[in-house]
Number of protein chains: 2
Amino acid sequence: MRPTVHDIAAEAGVSLATVDRVLNNRPGVRSVTRDKVERAIATLGYVRDVAAANLAKSRSYPLIFILPEGENAFMRGLEAEIEAAIARSAVERTEITILSVPAFDAAALAAALDDARRRTPAGVAVVAVEAPEVVAAVGRLREDGIAVVTLVSDLTGSERDHFAGVDNIAAGRTAGSLMRRFLGGRDGPVAIVAGSMLVRDHRDRLEGFSTAVNEGAAKRHLLPVVEGHDDPTEVETLVRDLLAAHADLAGIYSLGAGNRGLIAALEEAGRQSEICAIAHELTPYSRAALVSGTIDALLNQDAGHEVRSAIRVLKARADGLSMIEAQERIRIDIFLKDNLPVEPA
Amino acid sequence: MRPTVHDIAAEAGVSLATVDRVLNNRPGVRSVTRDKVERAIATLGYVRDVAAANLAKSRSYPLIFILPEGENAFMRGLEAEIEAAIARSAVERTEITILSVPAFDAAALAAALDDARRRTPAGVAVVAVEAPEVVAAVGRLREDGIAVVTLVSDLTGSERDHFAGVDNIAAGRTAGSLMRRFLGGRDGPVAIVAGSMLVRDHRDRLEGFSTAVNEGAAKRHLLPVVEGHDDPTEVETLVRDLLAAHADLAGIYSLGAGNRGLIAALEEAGRQSEICAIAHELTPYSRAALVSGTIDALLNQDAGHEVRSAIRVLKARADGLSMIEAQERIRIDIFLKDNLPVEPA
DNA sequence: GAATTTTTGATGTACGTAAATCAAAAATGC
DNA sequence: GCATTTTTGATTTACGTACATCAAAAATTC
């Protein structure tokens with residue numbers, strides 16, 4: 001039988017009230033007595049029953065998620081996962097609010113973070129845009145003792161408690177390595193389409209890709225990066241131009257969103273089979289393109305895992321508890337058409 | 001504020017005792033009354049507070065894990081993850097016991113399952129070996145109302161509640177597809193080393209690999225499958241023989257364990273760079289081989305996720321609750337040297 | 001050593017549910 | 001319409017912790 005506060009009281013030879021004072025470090029306990037109690041805790045191996053404690057406290061966790069607006073399929077998928085978490089909130093004692101902000105807009109994001117702060121939540125999860133005012137806003141949250149987790153895109157130099165997302169340098173490296181091996185000895189340049197160099201994850205992916213694609217002997221020519229702002233229409237135009245300008249194009253790496261545009265342009269040109277396309281994020285569109293062969297490989301981060309992980313970490317941080325490190329590491333999924341998970345994805 | 005049993009009683013115009021009778025379906029309630037209560041539950045959107053319920057019941061979950069003995073690095077890693085779960089058992093209200101059985105021994109496994117049954121646990125997780133007596137033993141557990149989850153290797157035709165493992169056909173397909181693309185136009189046969197055709201996961205991987213490696217135009221010659229029984233020494237001998245017999249060997253797919261033997265044989269022959277090697281499971285040995293280039297790609301299943309998933313499912317089943325399907329899908333990780341997680345693995 | 005402050009004990013209530021008992025009320029059989 | 005059975009209500013205790021209050025004891029100050 002697992003020891004309780006009563007057992008500690010008996011073991012230490014003090015009253016329940018004193019044990020309580022030590023456990024919840026309330027004032028009014030001599031250090032001698034405190035030591036006695038702490039020794040009893042150690043010898044009995046007492047662990048606080050979190051469920052019972054939360055019940056007694058009728059604890060709940062008000063959390064705020066901040067994400068970009070727009071028709072970015074990955075972000076909408078993320079939002080759906082947050083909605084799913086909201087549906088579970090009764091069981092998980094969470095009260096989740098979603099705030100939407102314009103994409104790639106540092107000022108708006110900073111304002112949203114300050115808005116969140118005014119609501120005094122237990123924690124905030126945010127898809128970051130890298131800018132000094134955002135770093136400052138995160139700092140203010142942390143000063144108020146509010147836990148902060150960056151989601152999907154990290155924030156350099158900030159005081160965030162944790163980053164719930166993938167190692168994007170490694171993701172880029174993986175894409176580069178696959179591109180290199182899939183192309184084999186084939187000639188021709190490789191194009192890179194990004195969303196915006198303002199977000200950390202895109203910069204990181206680019207860095208990783210550039211180094212890995214040119215590892216080893218043969219050097220591959222990389223065309224200058226173009227930015228599509230995660231917008232399908234814009235991306236389609238960009239890719240169409242790239243295809244027109246480079247008849248010998250060997251590969252395309254799309255490291256942001258807006259893959260519908262990429263797919264449309266490739267299929268319109270009828271050059272799906274000759275061009276090796278590697279993209280990010282599994283969506284209904286990209287999934288279909290992977291099955292049909294327009295896209296050769298997809299790198300993916302599981303939005304559901306990221307959301308659930310962010311919630312776990314925020315709750316743990318709010319209680320000052322530690323987390324299972326390995327459980328919170330978000331992995332980079334590599335999808336070929338052979339290992340696609342069952343629909344819908 | 002979330003509704004409680006008291007709110008249901010008030011809403012339905014019955015007493016607390018009656019609500020309790022309905023919720024825990026105890027006898028002695030007229031169906032008219034039962035309906036009234038159920039309607040109140042529905043309109044209020046009541047969800048039982050599992051933490052409070054478990055507290056009141058002082059519930060705990062005695063679970064038994066059954067795994068093969070031997071120096072199979074993956075299985076030892078799995079065991080380590082179970083030990084980690086045992087360390088968390090105070091918090092998670094579990095009481096986990098590990099039973100070890102000889103590998104690939106159906107009779108011993110069936111005996112262990114019956115042993116487990118005698119201990120009347122809430123659930124059993126088992127690394128299955130496919131055999132009628134094992135299926136029967138699992139059936140007996142289920143008859144006693146004990147939840148059963150197969151771990152890593154599934155059991156065809158059994159009554160198990162859930163399989164906590166990867167889709168091994170898809171894993172094999174993925175390996176085959178990578179082999180095909182990595183080899184490109186290169187000639188030469190491909191060898192396949194399995195552990196034993198007695199376990200479902202190995203058979204499935206073989207099936208997937210065989211179809212995918214030969215997709216498309218060029219046909220690749222596959223050498224007959226050899227069985228190394230997941231034993232490093234045995235595997236080393238087998239691979240050494242293969243290398244000697246086939247000077248033009250283009251690739252090796254190792255779909256079981258014992259990769260230390262594979263690595264040793266390849267490095268001894270000095271043919272690491274010319275042979276494309278794809279193997280399963282990230283261990284310290286295989287990790288080093290991936291970094292050095294002896295192995296080209298590793299497919300992996302995260303043992304920690306499998307163990308935690310198995311525990312979640314067993315607990316949920318024991319309580320008759322449902323699970324988050326997506327959360328319990330174990331993914332096939334593809335590791336290149338570019339996307340290796342940080343040490344230790 | 002008396003007055004004061006600090007520390008400790010004793011006790012009760014609460015959180016939301018489970019489970020039991022006994023009495024009261026309602027439904028049923030004949 | 002009486003006896004019997006079934007259903008319902010009222011109430012209590014318990015799970016392990018949090019938190020508050022008031023009294024008692026011990027330590028401190030001067």
Inset, instruction - Indicate, with a heavy-atom threshold strictly under 4.0 Å, whether D20(A) touches base, sugar-phosphate, or nothing. - result: base
Legend entry - Euclidean distance, atom CZ of residue R2(B) to atom P of dG16(C) [Å, nearest integer]: 9 Å
Legend entry - Comparing R48(B) and R21(B) on DNA chain C - which has the more 5′ nearest nucleotide: R48(B)
Legend entry - Flag if over 12 foreign heavy atoms under 6.0 Å of CD, E159(A): no
Legend entry - Proximity to the side chain of V14(B) - top-ranked nucleotide from dG9(D), dA18(D), dT17(C): dG9(D)
Inset, instruction - Select one nucleotide: of dA18(D), dT17(C), dA20(C), the one nearest the side-chain heavy atoms of A17(B). - result: dA20(C)
Inset, instruction - Examine dG9(D): is either OP1 or OP2 under 4.0 Å from a nitrogen or oxygen in the side chain of T18(B)? Give yes or no. - result: yes
Inset, instruction - For L16(A) and dC22(D), give me the distance from atom CG to atom C1', rounded to whole Å. - result: 17 Å
Legend entry - DNA chain D: 5'-proximal contact among R93(B) and G28(B) (nearest heavy atom): G28(B)
Inset, instruction - Round to a whole Å and report the spacing from NE2 of H6(B) to C1' of dC15(C). - result: 11 Å
Legend entry - Nearest-nucleotide comparison on DNA chain D, the residue closer to the 5′ end among V50(A) and R34(B): R34(B)
Inset, instruction - Give a yes-or-no answer on whether the side chains of N24(A) and R48(A) include a donor-acceptor pair shorter than 3.5 Å. - result: yes
Inset, instruction - Taking D144(A) for its side chain and I146(A) for its backbone only, find out whether a donor-acceptor pair lies under 3.5 Å. - result: no
Inset, instruction - Send over the distance from R26(B) CZ to dT21(C) P, rounded to a whole Å. - result: 12 Å
Legend entry - Within residues 52-63 of chain A, residues whose heavy atoms come under 4.0 Å of DNA chain C: L55(A), A56(A)
Nucleotides 26-30 of chain D: which of its N/O atoms have a protein N/O under 3.5 Å away?
none

